[in-house]
Amino acid sequence: MNIFTTGFRHQPWVWQVTGLCFILGTLLAGSIQTVSSINRSGIAAVRVGVPPPTASQLIEFKKLQDQIAELTKKKNDLLTSIASGNNQAKTLDEELQKVDILAGLTPVHGPGIILYLQDSKKTPPSNRLFDADKYIIHDVDLQQVVNELGASGAEAISINNQRLIARTAIRCVGPTIQVNGIPIVPPFEVKAIGDPNTLAGGLNLPLGVLDGLRRCDPDMYKLDEKPDILIPGYAGNTQTRYAKPVIDQSTTGKGNDNS
Amino acid sequence: MTLLPVIGTIAGFIFGMILFSHLNIPWEVANTYATYLSLATLAGLDTILGGIRAGIEGRFQDDIFVSGFVLNTLLAAGLAWLGDKIGVDLFLAAVVALGTRVFLNLSLIRRYYLTKYALRKKKDTQASNS
């Protein structure tokens, strides 16, 4: 059979090729749409960095938050029921409350100060790191503020509603500052409960934390003394894996290098 | 009839444009499968040109045609996936192999039409001469 004499028309294969051509067209359109959507989001990709949480993750997150709220409520209910019991239980409950406040596990309120910190809106005198660095709030600034508040007798401190506890770390991670492992960004809101005058005085010490900021740009901070502020409790992980309580005092130092 | 594949492609293209614009796929997802989709498109193009060539040569078999399309697509996507895993752009192998075949098939189809055109011209001149 000479292939050049047979016609193209009315061949059954033309229909099959047409069918597959339809699929090819769909794939082609899909490719074009996909690539163009990637190109469109090219600028956004830099700002996003990490993909936003998926819908299922958000639902899971909400569920876990609800669970925390529910368990906290249950715990408080149990504590109130203990407190309404006999005298011994009442004493125990009071002791527990004290420990909770010290550990930062319960929300507390009282007189204190609120310190707002934000990056300066001024243009630094030069683009050199040495100059530009001063116009930004760093993790070190927060650490100094917290240290100063502690020295001035603050009884509870929170940064952007993250309660500071004994295990809290304040560290710089990329463009954010992590407190309790939660990334926070400016403006920062440092709340502290204690004697407002003493706290403000400590922060305003000559050559102190705020003095350095004031020399740079007074708008970088705002200090308010308040008669009553609310500081939330610590909501993170409270489990200990390594530290064990010492039951018997006589065994202290056993296995220690000093013995 | 000759235009049918072309019409099919255009219809599919319009269908795909509407479909994919309605799906509204987030870019993070799109980023991961863009390579696979492009390779699938190339494999489809290769199969269709191969099919047309086989049809012209009169040895078209539908099972070979369809299985070729499916397997080529899967192999190309598989190579791209493997390349991602081992850090070598293996999908280039698929692109080169499929691309070569596309050009080969296209040249054979072109040759067929040119020869047919030349034969008809010759017949016409013979008819007018006699």
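What you see below is based on every heavy atom in this structure, not just the backbone, and it leaves out hydrogens, waters and symmetry mates. To find a chain, count down the sequence lines: A is the first, B the second, and so on, and within it residues start at 1.
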Working for side-chain contact (heavy atoms from CB on, under 4.5 Å), residues B:L4 and A:W15: CA-CA 8 Å; B:L4 264 178; A:W15 287 104; 3.6 Å; yes
Side-chain heavy-atom pair A:L20, B:F65 within 4.5 angstrom cut-off: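 Yes, at least one pair of side-chain atoms sits under 4.5 Å.
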Give a yes or no on this: more than 12 heavy atoms of other residues, nucleotides or ligands lie within 6.0 Å of atom [atom1] of [X].
{"X": "A:H138", "atom1": "NE2", "value": "yes"}
{"X": "A:Y116", "atom1": "OH", "value": "yes"}
{"X": "A:R167", "atom1": "CZ", "value": "yes"}

To the nearest 0.5 Å, what is the distance between [atom1] on [X] and [atom2] on [Y]?
{"X": "A:L24", "Y": "B:I48", "atom1": "CG", "atom2": "CD1", "value": "4.0 Å"}
{"X": "A:S31", "Y": "B:L39", "atom1": "OG", "atom2": "CG", "value": "9.0 Å"}
{"X": "A:L27", "Y": "B:T73", "atom1": "CG", "atom2": "OG1", "value": "7.5 Å"}

Toward chain B, the part of A:L28 with a non-hydrogen atom under 4.5 Å: both
Minimum heavy-atom distance between B:P5 and A:V14, given as atom pair plus value: CD-CG1, 4.3 Å
Considering all heavy atoms, the nearest A:T26-B:G16 contact: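 Heavy atoms only, the tightest pair is CG2-CA, 3.8 Å.
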Trace of the side-chain contact (heavy atoms from CB on, under 4.5 Å) decision for B:I7 with A:T18: CA-CA 8 Å; B:I7 295 168; A:T18 305; over 6 Å; no
Residue pair B:F13, A:I32: steps toward the side-chain contact (heavy atoms from CB on, under 4.5 Å) verdict: CA-CA 10 Å; B:F13 188 79; A:I32 291 172; 3.7 Å; yes
